[in-house]
Amino acid sequence: STMQSEINDLKSDINDLKPQFSDMQSEINDLKSDINDLKPQFSDMQSKLSSIHLTLENETNRNIKIVAEGHLDLSRKLDDALKIENEKEMLLIRVNILENELRKVKEQLNHIA
């Protein structure tokens with residue numbers, strides 16, 4: 001009798017679990033359906049990501065390199081122009097010194113003569 005009572009309790013517990021199991025099975029099926037719906041979107045995202053990666057690698061990085069090389073050439077040209085400007089300044093200083101020395105020589109010649 002006690003065993004029969006325990007068996008009946010177990011049956012009752014199992015019967016209580018059946019609807020929960022059925023609900024869980026339904027939720028699992030819903031999740032499977034959602035995952036199957038997401039698979040094409042994931043594949044599309046992977047394709048777009050690959051496209052973006054290739055664009056960055058093949059176009060953007062190369063364009064940045066081209067622009068940087070252009071700026072490097074401009075920088076070299078500026079350095080060359082500044083070098084010439086510095087040489088010009090040095091020549092002007094030398095001319096001023098030579099003019100001053102020439103003036104002094106003329107003054108000395110005028111004193112001697």
Side-chain angles (χ1 to χ4, degrees):
S1 145
T2 306
M3 193 146 179
Q4 187 65 32
S5 167
E6 287 181 16
I7 291 174
N8 285 337
D9 287 343
L10 279 172
K11 284 182 180 180
S12 172
D13 288 344
I14 290 173
N15 285 333
D16 289 344
L17 287 175
K18 281 183 180 179
Q20 292 176 356
F21 180 75
S22 177
D23 289 345
M24 237 171 44
Q25 190 67 32
S26 173
E27 288 179 17
I28 289 173
N29 288 335
D30 289 345
L31 283 173
K32 283 181 181 179
S33 173
D34 289 345
I35 289 172
N36 286 332
D37 289 345
L38 289 175
K39 282 181 182 179
Q41 292 176 1
F42 180 73
S43 176
D44 186 45
M45 280 182 21
Q46 279 184 317
S47 173
K48 288 179 181 178
L49 184 61
S50 293
S51 174
I52 290 170
H53 178 73
L54 288 174
T55 299
L56 278 173
E57 191 174 298
N58 293 333
E59 290 180 33
T60 306
N61 290 349
R62 287 183 183 169
N63 290 341
I64 289 172
K65 185 178 177 182
I66 290 168
V67 169
E69 288 172 354
H71 281 97
L72 185 61
D73 288 340
L74 289 174
S75 178
R76 284 187 195 132
K77 289 177 184 177
L78 178 62
D79 289 342
D80 291 343
L82 291 175
K83 184 177 178 182
I84 292 171
E85 193 64 33
N86 287 339
E87 289 176 9
K88 181 180 168 185
E89 287 178 8
M90 292 303 294
L91 288 173
L92 288 172
I93 291 171
R94 291 176 89 188
V95 167
N96 283 335
I97 291 171
L98 289 173
E99 285 177 347
N100 193 32
E101 287 179 5
L102 183 61
R103 184 184 49 80
K104 287 179 184 178
V105 169
K106 282 184 178 180
E107 285 177 7
Q108 286 178 353
L109 280 176
N110 285 337
H111 282 302
I112 295 175

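All values below were derived from every heavy atom in this structure, side-chain atoms included, with hydrogens, water molecules and symmetry-related copies excluded. The model shown is predicted, which means the values in this text are computed figures rather than measured ones.
- Rounded to the nearest 0.5 angstrom, Met45 CE and Ile52 CD1 are separated by 10.0 Å.
- The backbone N or O of Lys39 lies less than 3.5 Å from no partner atom in the side chain of Ser43, so there is not a single donor-acceptor pair.
- A salt bridge is absent between Lys83 and Asp79: the closest approach of a Lys/Arg side-chain nitrogen to an acidic carboxylate oxygen does not fall below 4.0 angstrom.
- The structure places CG of Asn110 at 10.5 Å from CD of Gln108, a figure rounded to the nearest 0.5 Å.
- Here the straight-line distance linking atom CG of Leu49 with atom CG of Leu54 works out to 9.5 Å at 0.5 Å rounding.
- Remark: Leu82 CG to Glu89 CD distance equals 9.5 Å, nearest 0.5 Å.
- Met24 CE to Leu31 CG: the interatomic distance, rounded to the nearest 0.5 Å, is 11.5 Å.
- Considering only heavy atoms from C-beta on, Leu56 stays 4.5 Å or farther from His53 through its side chain.
- The backbone N or O of Ser51 sits less than 3.5 Å from a side-chain atom of Thr55, completing a donor-acceptor pair.
- Considering only heavy atoms from C-beta on, Gln4 comes within 4.5 Å of Asn8 through its side chain.
- For the pair Thr2/Glu6, a side-chain contact is recorded, criterion being any heavy-atom separation below 4.5 Å from C-beta on.
- The existence of a salt bridge linking Arg103 and Glu99 is excluded, since no basic side-chain nitrogen approaches an acidic carboxylate oxygen closer than 4.0 Å.
- To the nearest 0.5 Å, atom NZ of residue Lys106 and atom CG of residue Leu102 are 5.0 Å apart.
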Open item on the list: Pair Ile93, Ile97 - check side chain to side chain contact (heavy atoms under 4.5 Å, CB included), show working.
Closed with: CA-CA 6 Å; Ile93 291 171; Ile97 291 171; 3.9 Å; yes

Task: Working for side chain to side chain contact (heavy atoms under 4.5 Å, CB included), residues Gln20 and Asp23 - done: CA-CA 5 Å; Gln20 292 176 356; Asp23 289 345; 5.5 Å; no

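- Taking the charged nitrogens against the carboxylate oxygens, Asp80 and Lys77 have no contact shorter than 4.0 Å, which rules out a salt bridge.
- Asn15 contributes a side-chain N or O that, together with a main-chain N or O of Lys11, makes up a donor-acceptor pair within less than 3.5 Å.
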